[in-house]
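Here is the structure we will look at, set down as structure tokens.
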Number of protein chains: 2
Amino acid sequence: MCATAAYRLVVIGESRADAAPQAGRPLRADAERSMRAILEAAERVLSTNPAASMEQVAEAAGVARTTIHRRFASRQALIDALADAAVAHLRAAIDQGRPETAPPLVALHEITARVLRTKISWRFALDLPAKAGSAAAEGQQDIARRCLELFARARDLGLLAAGADLEWTRRVYYALIGEALHGDGEQTDPDILAGRVVETLLHGVSPRDR
Amino acid sequence: MCATAAYRLVVIGESRADAAPQAGRPLRADAERSMRAILEAAERVLSTNPAASMEQVAEAAGVARTTIHRRFASRQALIDALADAAVAHLRAAIDQGRPETAPPLVALHEITARVLRTKISWRFALDLPAKAGSAAAEGQQDIARRCLELFARARDLGLLAAGADLEWTRRVYYALIGEALHGDGEQTDPDILAGRVVETLLHGVSPRDR
DNA sequence: TGAAACTGCAACAGTGGTGTAGCGGATACC
DNA sequence: GGTATCCGCTACACCACTGTTGCAGTTTCA
């Protein structure tokens, strides 16, 4: 799904009842492979059918159902972990767009294209409502904060209206990104989609009088 | 939820197995009341928790669970009926905005406000993917068609760019409406929200040079 | 190479939801 | 006022999914 992962998978307790990854002994190589296979399969299966069973996820991952239960205390724990992993990927993608240093318009294009690419692969997990206090929630908040900062920079440069409501701008931006992914195959290139998103965000659909 | 309903509820078969409303004997008054209570309760409950059980829906509707099963062959049948009813409401709301006759900008504002009002009440049902061939699907297609016609009129009047992609415009419009409803209570007046949606759709968030 | 970690497999208990059935009482309708 | 319709209630069968356990065989890693 994504070649490079910026995190490491670990286990803590020995008891089967609390297999939540937090801190402790690092996983053996084959276990980490399984873990990754499970998360990726869960994303694939659940994005098609959110009510899919653990059995279906296990089959798609090429492991036994019991193996999933060994790593994740419950179905919910799996989904939570999935959300955390997806947000971590998203954050990494955004970092690569240099939101704090690149010129705002360049950063906006760059980030949009990267986010679109990531969202294609983690559609289900990224649409999940983040649980309060989770790593995913923290990540989403951080992303929103940096998004607002980028827009503030853009506004200071005259790219946005001086009185623009940055929070509304952010929400519109998110909505446009979401919409760009709903296309029925007629246009899927992230760079082209990003251009359309940014153009629409800034200027809407009315004629440009200039 | 909505005071006036533009449809009538009926039953066909006697068998419990196929209680799908299509044509036949009209319902008794109390039965129609129950039917309406069930649909509205389903919307309320499922919008909070899409995985809620029939038991929870029944309790919210103030009826016994078996009563629901008497009218709807299955959980899925209930949800399908809910989707049909919601789209019927939406269509009625749009009709009242005179999309074919009013000046485009006026119609756009009017329709947006009405749609927002309807979507608040039928959030769950209207977010449902319509089943192919269902009344809901037919209604959605009709709505999309009329939306495109309205945008075409707007474009001919110079309100939209001459080369505007009307399908993309429609998708952006839908996305903005959806986003306007996600506000965290700081602004809920449909008229104000509609103004914001239309303004953003037409001109984006950049400064207006004029 | 040997211990520790990991996995598949088979089997099991528990749970919660779905859908059916019939009866007796209440309600609407003509 | 009589009849067809509707509803609540209780009870039941069924099923799919979750989560657990133990063991035997395999893989990793020091």
Side-chain angles (χ1 to χ4, degrees), chain A residues 8-21 24-42 45-46 48-82, chain B residues 8-21 24-42 45-46 48-82:
Chain A
R8 204 165 46 111
L9 300 169
V10 290
V11 290
I12 36 165
E14 301 309 298
S15 151
R16 257 169 159 149
D18 54 351
R25 166 172 49 80
L27 287 181
R28 227 173 67 175
D30 53 350
E32 182 153 340
R33 250 194 321 261
S34 296
M35 200 88 165
R36 209 178 301 281
I38 291 168
L39 286 175
E40 292 176 1
V45 172
L46 294 177
T48 304
N49 171 25
S53 69
M54 301 291 265
E55 189 71 56
Q56 292 172 268
V57 173
E59 191 184 344
V63 302
R65 185 176 62 92
T66 46
T67 297
I68 299 186
H69 279 111
R70 253 188 281 265
R71 295 290 164 217
F72 303 96
S74 67
R75 175 195 176 83
Q76 191 56 47
L78 167 60
I79 292 179
D80 292 347
L82 189 59
Chain B
R8 202 166 47 109
L9 300 170
V10 290
V11 291
I12 37 163
E14 302 309 297
S15 150
R16 261 172 153 145
D18 52 351
R25 166 172 49 79
L27 287 182
R28 228 173 67 175
D30 53 349
E32 182 154 340
R33 249 195 321 262
S34 295
M35 201 88 164
R36 211 179 299 282
I38 291 168
L39 286 175
E40 292 176 1
V45 172
L46 294 177
T48 305
N49 171 24
S53 68
M54 303 289 264
E55 190 71 55
Q56 292 172 270
V57 173
E59 191 185 345
V63 302
R65 184 176 64 90
T66 48
T67 298
I68 300 186
H69 279 110
R70 252 189 282 264
R71 295 290 163 216
F72 303 96
S74 68
R75 176 195 175 82
Q76 191 55 48
L78 168 61
I79 292 180
D80 291 347
L82 190 58

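The structure presented is a predicted model; accordingly, all values stated were derived computationally and were not measured. Chain A is the first sequence line, chain B the second, and so forth, proteins listed ahead of strands; every chain is numbered from 1. Any value given below was found using the heavy atoms of this structure, including those in side chains, with hydrogens, waters and symmetry copies removed.
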With a 4.5 Å heavy-atom cut-off, do Phe72(B) and Leu39(B) have their side chains touching?
yes

Note, Arg75(B) side chain near Leu78(B) side chain (heavy atom, < 4.5 Å)
no

Given atom CG of Leu46(B) and atom P of dG17(C), what is their separation to the nearest angstrom?
13 Å

Rounding to an integer number of Å, can you tell me how far Arg28(A) CZ sits from dG2(C) P?
17 Å

At their closest point, which heavy atom of Leu27(B) faces which heavy atom of Met35(B), and how far apart are they?
CD1-SD, 4.2 Å

Residues touching DNA chain C, which here means a heavy atom under 4.0 Å, drawn from residues 55-62 of chain A:
Gly62(A)

Where the side chain of Arg65(B) is defined as all heavy atoms beyond and including C-beta, which of dT20(C), dC6(D), dT18(D) is the nearest nucleotide?
dT20(C)

List every contact pair, protein side and nucleotides 13-16 of chain C side both N or O, where the distance is under 3.5 Å.
none

Compare side-chain N and O positions of [X] against OP1 and OP2 of [N] and report whether any pair is under 4.0 Å apart.
| X | N | value |
| --- | --- | --- |
| Arg33(B) | dC6(D) | no |
| Thr67(B) | dC6(D) | no |
| Arg75(B) | dT18(C) | yes |

Using rotation axes that map the C1' atoms of four end pairs onto the next four (five pairs an end), what angle separates the end axes of the helix from dT1(C)-dA30(D) to dC30(C)-dG1(D), to 10°?
50°

